[in-house]
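I have placed the structure first, in the form of structure tokens, so that the comments after it can refer back to it.
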Amino acid sequence: MQTLRNVAVGDTVKVVKLHGEGAIKRRIMDMGITKGVTIYVRKVAPLGDPIEITVRGYELSLRKADADMIEVE
């Protein structure tokens with residue numbers, strides 16, 4: 001299983017599944033990250049946290065813990 005946390009900078013991936021429970025999963029979905037959406041990884045901070053992505057035409061920063069809940073292919 002590959003998660004968004006492990007994707008290299010410059011890669012484009014597709015969301016397969018969201019892991020997590022309740023409010024955390026809901027928050028990720030509210031940001032526009034849903035099954036089937038394409039995500040482009042723009043940057044990773046020097047210490048690896050956060051990860052900057054482009055999803056649905058806008059930039060978004062995610063913590064590594066949140067990125068670990070997003071399964072991609």
Side-chain angles (χ1 to χ4, degrees):
M1 175 181 84
Q2 182 184 17
T3 64
L4 187 58
R5 181 179 186 166
N6 305 324
V7 176
V9 174
D11 286 353
T12 302
V13 293
K14 191 168 108 178
V15 177
V16 176
K17 185 177 180 182
L18 294 176
H19 300 277
E21 297 289 322
I24 297 169
K25 186 174 180 179
R26 178 87 242 154
R27 187 169 53 86
I28 291 171
M29 291 175 72
D30 287 345
M31 289 188 266
I33 301 170
T34 55
K35 185 177 177 183
V37 76
T38 302
I39 296 176
Y40 171 70
V41 179
R42 292 179 44 120
K43 292 188 239 175
V44 177
L47 297 176
D49 205 5
I51 299 167
E52 188 175 309
I53 62 172
T54 301
V55 59
R56 298 184 189 266
Y58 68 94
E59 279 79 44
L60 178 67
S61 291
L62 282 178
R63 293 186 304 239
K64 284 195 286 188
D66 293 341
D68 221 12
M69 294 183 214
I70 303 167
E71 185 177 336
V72 296
E73 64 177 6

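For the single chain, residues carry numbers from 1 onward in sequence order.
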Cationic N near anionic O, under 4.0 Å, K64 to D49: no
ILVMFWY network linking V72 to V9, side-chain heavy atoms under 4.5 angstrom: yes
Where K14 and G36 come nearest, the two heavy atoms and their spacing: CG-O, 3.6 Å
Cluster link V44 to Y40, ILVMFWY, side chain under 4.5 Å: no
All salt bridge (charged side-chain N to carboxylate O under 4.0 Å, His left out) counterparts of R56, not counting sequence neighbours: none
Transitive ILVMFWY side-chain link M69 to M29, under 4.5 Å: yes
Stepwise side-chain contact (heavy atoms from CB on, under 4.5 Å) check, I39 with T54: CA-CA 6 Å; I39 296 176; T54 301; over 6 Å; no
Nearest-0.5 Å distance that lies between atom CD1 in I53 and atom CG in L60: 4.5 Å
Criterion side-chain contact (heavy atoms from CB on, under 4.5 Å) on L4 and V13, from CA distance to verdict: CA-CA 8 Å; L4 187 58; V13 293; 4.1 Å; yes
Stepwise side-chain contact (heavy atoms from CB on, under 4.5 Å) check, E71 with H19: CA-CA 7 Å; E71 185 177 336; H19 300 277; 2.8 Å; yes
Same apolar cluster: L18 and V37, side chain cutoff 4.5 Å: yes
Side-chain heavy atoms of Q2 within contact of V7, under 4.5 Å: yes
Pairing of D66 and R27 as salt bridge, 4.0 angstrom limit: yes
Stepwise side-chain contact (heavy atoms from CB on, under 4.5 Å) check, I70 with L62: CA-CA 11 Å; I70 303 167; L62 282 178; 3.9 Å; yes
For the student: nearest non-hydrogen atoms of I51 and A67, plus distance: CD1-CB, 3.8 Å
R26: side-chain hydrogen bond (donor to acceptor under 3.5 Å, both in side chains) partners, not counting sequence neighbours: D30
Gap separating the CD atom of E59 from the CZ atom of R42, nearest 0.5 angstrom: 4.0 Å
Non-neighbouring partners of D11 that pass side-chain hydrogen bond (donor to acceptor under 3.5 Å, both in side chains), sequence neighbours left out: none
